[in-house]
K.L.:
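Have a look at this one.
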Amino acid sequence: MKISAIKTFPINVGFGSQLVIKVETDSGIYGWGASGLSGRELAVIGAIEHFKGFLIGKDARNIGALWQEMYRGQYFEGGRVLTAAISAIDIALYDIKGKALGVPVYELLGGKHRDYVDCFASVRFRTREELFEYSKTCIKEGWTMLRLAPAEFEAEGDKELFEPRQSIATIAEWLTDLRKEVGSAITIGIDYHTRLTPAQTYSFINRMPLMELWIILKNLFVMKILKPTRTLGKW
């Protein structure tokens, strides 16, 4: 089962962008993957063009060997763009192998670990009113976990200007009020998209009530930050 083509599709998803790829084989089976490096789709496409030169004609079932060749088969290893391209191709190859064997991909990775996974609803907001309205809408629809994405600076005069200290003060107040509004049963997280430094993050946490807070610093990286030397309740 040889790789016959690798096609790229940069698309818009909500407020962001994403790169979806399709790996085709001479057997007719194809797989889908995604790079995850939002906002740098064209760079990832360029990296995939480099990989296509030696991937076309290779056996799509040899996932591990192809990963090694993509990652280690060049003088400069790693980096966000190259690893995003490798990841997209890797995901598509697993999709192909799962289809070829007639099993879901998780069976190739050791089997199921659980019967379900809790998911969150993303709430992007620019004003206090939007935060409350969108959060309540999600809760009404059955969501018990909210991932808040503050964009209050877009409601100001200069939409491109982000002032951390002003944002920290404003969002901390809004979140404290939101917790009182929705109660303690809802899990609340916040995604500042790497806009805050560690010191600013600590400052933000210290403006919140005693709690345990999940802060999503990057799309694929979650850090659990606890206030030291203080008794923590569930936030």
Side-chain angles (χ1 to χ4, degrees), residues 10-19 35-43 79-81 84 118-141 143-235:
I11 59 175
N12 292 320
V13 181
F15 291 100
S17 54
Q18 181 61 274
L19 177 64
S35 71
L37 191 58
S38 181
R40 296 293 181 268
E41 289 79 19
L42 298 182
R80 293 181 179 180
V81 173
D118 288 327
C119 297
F120 57 73
S122 292
V123 178
R124 189 178 189 275
F125 59 94
R126 296 170 298 176
T127 66
R128 185 179 185 277
E129 291 70 27
E130 287 184 351
L131 169 61
F132 277 57
E133 178 187 350
Y134 298 163
S135 296
K136 289 180 180 179
T137 297
C138 291
I139 294 170
K140 186 177 180 180
E141 292 180 355
W143 293 94
T144 59
M145 301 179 68
L146 303 178
R147 172 253 201 183
L148 308 182
E152 81 293 341
F153 56 91
E154 292 183 359
E156 304 296 331
D158 187 350
K159 294 183 179 181
E160 300 299 323
L161 178 62
F162 174 76
E163 173 50 59
R165 287 182 296 178
Q166 179 180 336
S167 178
I168 287 170
T170 300
I171 299 303
E173 179 181 342
W174 291 359
L175 261 63
T176 302
D177 292 342
L178 178 67
R179 169 57 73 203
K180 296 176 182 178
E181 188 75 14
V182 302
S184 60
I186 303 299
T187 300
I188 298 176
I190 187 167
D191 190 345
Y192 255 109
H193 294 291
T194 70
R195 294 191 184 101
L196 302 184
T197 66
Q200 291 165 349
T201 301
Y202 186 78
S203 176
F204 173 77
I205 292 174
N206 274 277
R207 289 176 178 269
M208 308 295 292
L210 291 175
M211 60 186 175
E212 177 183 292
L213 177 66
W214 284 86
I215 298 182
I216 307 175
L217 296 178
K218 296 181 180 179
N219 286 342
L220 298 179
F221 176 68
V222 181
M223 179 180 291
K224 190 178 185 183
I225 302 180
L226 304 180
K227 284 187 179 180
T229 69
R230 302 181 69 177
T231 303
L232 303 174
K234 184 178 179 181
W235 174 250

K.L.:
Is the shortest heavy-atom distance from the side chain of Arg207 to the side chain of Thr176 under 4.5 Å?
P.N.:
no
K.L.:
Measuring from Met145:CE to Ile186:CD1, what's the distance to the nearest 0.5 Å?
P.N.:
10.0 Å
K.L.:
State whether the side chain of Glu181 and the backbone N or O of Asp177 hold a donor-acceptor pair below 3.5 Å, judged by distance alone.
P.N.:
no
K.L.:
Passes side chain to side chain contact (heavy atoms under 4.5 Å, CB included), Asp118 versus Thr187? Steps please.
P.N.:
CA-CA 11 Å; Asp118 288 327; Thr187 300; over 6 Å; no
K.L.:
Please tell me whether Tyr192 and Thr201 have a donor and an acceptor in their side chains that are separated by less than 3.5 angstrom.
P.N.:
no
K.L.:
Taking the side chain from Ser203 and the backbone from Ala199, do they hold a donor-acceptor pair closer than 3.5 Å?
P.N.:
no
K.L.:
Between Ser167 and Glu152, is there a side-chain donor-acceptor contact under 3.5 Å, judged purely by atom types and distance?
P.N.:
yes
K.L.:
Could you tell me if Arg147 sits above the aromatic ring of Phe120, with its cationic atom closer than 6.0 Å to the ring centre and no more than 45 degrees from the axis?
P.N.:
no
K.L.:
Could you state the interatomic distance from CD1 (Ile171) to CD (Glu173), rounded to the nearest 0.5 Å?
P.N.:
10.0 Å
K.L.:
Are the side chains of Leu196 and Ile168 in touch, meaning some heavy atoms are under 4.5 Å apart?
P.N.:
yes
K.L.:
Is the count of non-hydrogen atoms from other residues, nucleotides or ligands lying under 6.0 Å from Arg40 atom CZ greater than 12?
P.N.:
no
K.L.:
Side chains of Ile11 and Leu19: closer than 4.5 Å at any heavy-atom pair?
P.N.:
no
K.L.:
Distance check, rounded to the nearest 0.5 Å: Lys136 atom NZ versus Leu131 atom CG?
P.N.:
10.0 Å
K.L.:
Between Gln166 and Glu163, is there a donor-acceptor pair closer than 3.5 Å when you use the side chain of the first and the backbone of the second?
P.N.:
no
K.L.:
Measuring only between side-chain heavy atoms, which start at C-beta, is Cys119 closer than 4.5 Å to Trp143?
P.N.:
yes
K.L.:
Between Arg179 and Ser184, what is the shortest heavy-atom contact and its length?
P.N.:
NH1-CA, 3.7 Å
K.L.:
Taking the side chain as C-beta and beyond, is there a heavy-atom pair between Leu175 and Ile190 under 4.5 Å?
P.N.:
yes
K.L.:
According to the interplanar angle, ranging from 0 to 90°, do the rings of Phe125 and Trp174 count as parallel (below 30°), tilted (30 to 60°) or perpendicular (above 60°)?
P.N.:
tilted
K.L.:
Looking at Val123, Thr127, Leu178, which one forms a side chain to side chain contact (heavy atoms under 4.5 Å, CB included) with Phe132?
P.N.:
Leu178
K.L.:
Ignoring hydrogens and geometry beyond distance, is a side-chain donor-acceptor pair present between Ser17 and Glu41 at under 3.5 Å?
P.N.:
yes
K.L.:
How long is the span from the OG atom in Ser35 to the CD atom in Gln18, to the nearest 0.5 Å?
P.N.:
5.0 Å
K.L.:
Within the structure provided, determine whether Asp191 and Leu148 are in side-chain contact (heavy-atom separation under 4.5 Å).
P.N.:
no
